[in-house]
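Chain letters run A, B, ... following the sequence lines, proteins first and then strands; every chain starts at 1. A quick note: this is a predicted structure, and the numbers were derived from the prediction, not measured. Heavy atoms only: backbone and side chains are in, while hydrogens, waters and symmetry mates are out.
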Protein chains: 2
Amino acid sequence: MNNGIQEEPRGRRARRRGGPGPTLADVARLAGVSPMTVSRVVNDSARITQASRDKVEQAIRDLGYVPNQAARSLAGARQHRLALVYENPSAAFLSELLLGCLEQAGECDAVLLLESFRADEEVTDLVARLQRHRVEGVLLPAPLCDDSTLVDGLAAGHLAVARIAATQAMAGALSVGMDDEAAARDMTSHLLALGHRRIGFIAGSDRFPMSARRRAGFCRALQQANLAADPAMIATGDYTFRSGMEAAQALLASANPPSAIFASNDDMAAGAMATAHRLGLEVPRALSICGFDDTAMARAVWPELTTVRQPVSNMAREATILLVRYLASPAEFASHDLPDLRLGHEIVVRASTTRHVT
Amino acid sequence: MNNGIQEEPRGRRARRRGGPGPTLADVARLAGVSPMTVSRVVNDSARITQASRDKVEQAIRDLGYVPNQAARSLAGARQHRLALVYENPSAAFLSELLLGCLEQAGECDAVLLLESFRADEEVTDLVARLQRHRVEGVLLPAPLCDDSTLVDGLAAGHLAVARIAATQAMAGALSVGMDDEAAARDMTSHLLALGHRRIGFIAGSDRFPMSARRRAGFCRALQQANLAADPAMIATGDYTFRSGMEAAQALLASANPPSAIFASNDDMAAGAMATAHRLGLEVPRALSICGFDDTAMARAVWPELTTVRQPVSNMAREATILLVRYLASPAEFASHDLPDLRLGHEIVVRASTTRHVT
DNA sequence: ATTGTCTTTGTGAGCGCTACCATGATGCCC
DNA sequence: GGGCATCATGGTAGCGCTCACAAAGACAAT
């Protein structure tokens, strides 16, 4: 045999090879098929007979073969490049978002880049940076996703945009979010089910469409229970702890104070709790309090907050899937009525709400 | 000319090329040098004449060339594979950590994988997963990095470990962290400089080495100011909001109550603030309060907390650099006395501390 | 038996880059 | 000036994979 000739290239190869990992060719050899067949099994693309598939899969398992991502993307060149544009590197939900997008991007064979964007920056600069890195699509989490100047600017730069945790749809971009109104309604129903009849609501600033949705959900639940929404039981804050303190102060100073307070976010709920503590009201015995968002704050205060959990991880994944699908075949989507996905929420019952005793 | 032959491959090539991005060969052609020279400039590896370098750099700028990462790693195979092993996907500092590691890994030409690990899992399972993905080094943030079983298990699987935000060094692993004692000392000095003479301290649970360090820093600062540390002015919590409330209650119930309270983390500081509110003590006028860590909690409460900012992003980057350097040349490091890097902290003065008026 | 259509599998080339060696150019010593 | 080390640069051969296309096999219709 011409072993000498055979071994020469293997010698050089071994010198260059990175890890000791088996390659697709190794699998093919073991399975007794061509590399192409293995590739097809791995990507389960085309029609393959069950027999070939089984042989290949066995060989993959035997060797512990893991495809080389770099080689794959180099050869394929059909891998999409996405960027996650974020504003605040320490935003509470960013890590969960990041993890969700990163994992899903991996599963979708897409590359995820990270790009920060400060509000005082020019949108054109961001677009230029993204284009330089050959980004095709942008994942835009809240609150950036509500900036229509930014969304339009990205679209003008021929970048597809998927908005994450958006309150409502926006023309020209894919959107994923939750149903704020339904969530607020459910939380209110939870309080009603606990026997509360006089419920205070701390609304958020009118500048955000989200605030109106949450308030509407609150009112809707009362209506469905045949209760009138007393204007004195609605106070407005600006999503900060302090505004929650003040709003609760106003609500509790009422001649007919509430037995429960539902705040439009966790920070305001925590503020309301601080006020309750100061007034000597024991939570939840004398006053039930609940929040919205399930941020770290919800578990940090005592008693821990009953709140609405946003499906952050799911939103991140769905947005990524949607964006990749859009990039793969824009034709699949009606160009001026892009999907707006609303995912289910979850009411997390903790220690800050309890049955109302008269 | 044999144009027909020349153009045939270009036609096929254009069909397969992904983006319209220029390649290294394009740059070489424009600069009138060989691809190899361009590669050398890009990696600024070897000796290149200034003339060549300039020509190439100009061509790179003209074409807006960006190296193809996939091709690079495929050809080079000298790229290191790291994994960030995390426990809690929504931990406050994870996003900043993630961002830091991700960015630095990119700059170091390393690939960063993410792997979650639940405390109830077998370490060997984790090691197997990591090995399957050809991971060579692991970034291990707090609190996982203090689990010596885990660190040893990883080491046993021939994985290099870099611990992030570790309180103290551990044999067999690289460590990066802050100087808890110095930080606590500085924060105490801040209070002393504001005129406070009777300062309450809320220590953390003795199970964590960190707690002792922070307490030692507090005591040291008092000593340096020639003040005796009154045992009645030290209460112990367990890093939760509630324990902070209770500890503050105890401190403030003293016959000679403190004018300031320094809690070993932000959650306990927030708890202390809740107690102060309940007791009708205005913060900071009647009681200054400060925390540690600068988590989201610090900015969420009102008034916002004066606290110690951990250099999370820097720790992440330094750990990544250290790990990559270790993998590149383990020989550079003394095998049983691996580096333990202590990074500088920052005292963030917000609204919860003020000058003490007698 | 021959032709055609369909499906499954194989072949060869090349994605963009870098490791390795070979080349020519320069300087330096004896 | 021949030999030697030293430098900058070029040529070649892949890295592991997937693409386009070709070939081979299976089956029905002619």
Side-chain angles (χ1 to χ4, degrees), chain A residues 5 8-29 31-56 60 63 65-79 81 109 111 134, chain B residues 5-6 8-29 31-56 60 63 65-79 109 111 134:
Chain A
I5 294 175
E8 168 58 20
R10 282 195 65 80
R12 303 189 81 153
R13 185 173 163 223
R15 225 182 299 155
R16 296 234 354 225
R17 276 279 292 286
T23 72
L24 182 139
D26 296 330
V27 176
R29 213 171 299 129
V33 297
S34 81
M36 203 51 229
T37 305
V38 178
S39 169
R40 281 194 263 256
V41 169
V42 171
N43 297 288
D44 65 19
S45 54
R47 284 78 50 119
I48 297 273
T49 54
Q50 197 55 44
S52 305
R53 187 180 295 276
D54 290 346
K55 269 191 302 186
V56 171
I60 287 176
L63 276 86
Y65 167 72
V66 179
N68 180 323
Q69 203 51 48
R72 194 182 246 194
S73 78
L74 182 57
R78 83 197 139 57
Q79 204 170 28
R81 295 173 70 85
D109 267 335
V111 179
R134 316 237 172 299
Chain B
I5 294 173
Q6 291 259 338
E8 168 58 19
R10 282 195 65 81
R12 302 187 82 150
R13 182 174 166 225
R15 224 181 302 156
R16 294 222 10 214
R17 276 278 293 287
T23 72
L24 184 138
D26 296 329
V27 175
R29 215 170 300 129
V33 297
S34 82
M36 209 44 235
T37 304
V38 178
S39 170
R40 281 194 264 255
V41 170
V42 170
N43 297 289
D44 65 18
S45 54
R47 285 77 50 121
I48 297 274
T49 53
Q50 197 55 44
S52 304
R53 187 180 294 275
D54 290 345
K55 268 191 301 185
V56 170
I60 288 176
L63 275 79
Y65 168 74
V66 179
N68 180 323
Q69 202 51 49
R72 192 182 247 193
S73 79
L74 182 58
R78 82 195 141 59
Q79 203 170 28
D109 267 334
V111 179
R134 318 234 174 298

Rounded distance in Å - [atom1] ([X]) to [atom2] ([N]):
X	N	atom1	atom2	result
B:N43	C:dC20	CG	P	14 Å
B:I60	C:dC17	CD1	C1'	13 Å
B:D26	C:dC17	CG	C1'	13 Å
B:R29	D:dG11	CZ	P	13 Å
B:L24	D:dG11	CG	P	14 Å
A:L74	D:dG14	CG	C1'	12 Å
A:R53	C:dT8	CZ	P	10 Å
A:R47	D:dA24	CZ	P	20 Å

statement: Value for CZ (A:R29) from CG (A:D26), rounded to nearest 0.5 Å, stands at 5.0 Å
Spacing of OG belonging to A:S73 relative to CG belonging to B:N68, to within rounding of 0.5 Å: 6.5 Å
Counting just side-chain N and O atoms, does [X] come under 4.0 Å of either OP1 or OP2 of [N]?
X	N	value
A:T37	C:dG10	yes
B:S39	C:dC17	no
A:T49	C:dT7	no
B:N68	C:dC15	no
B:S34	D:dG11	no
A:S52	C:dT9	yes

Listed nucleotide nearest any side-chain atom of A:Y65, set D:dT9, D:dC17, C:dC17: D:dC17
message: Go nucleotide by nucleotide along DNA chain D from the 5' end; which of B:A71 and B:P35 gets its closest nucleotide reached first?
response: B:P35
- prompt: Taking the nucleotide of DNA chain C with the closest heavy atom to each, which residue, B:A70 or B:M36, is nearer the 5' end?
  reply: B:A70
message: List the residues meeting salt bridge (charged side-chain N to carboxylate O under 4.0 Å, His left out) with B:D54, not counting sequence neighbours, and say none if there are none.
response: none
- request: Specify the closest pair of heavy atoms between A:Y65 and A:V42, including all atoms of both residues, with the distance to one decimal.
  value: CE2-CG2, 4.2 Å
task: Quick one: closest heavy-atom pair of A:R81 and A:R134, and the distance?
output: CD-O, 3.3 Å
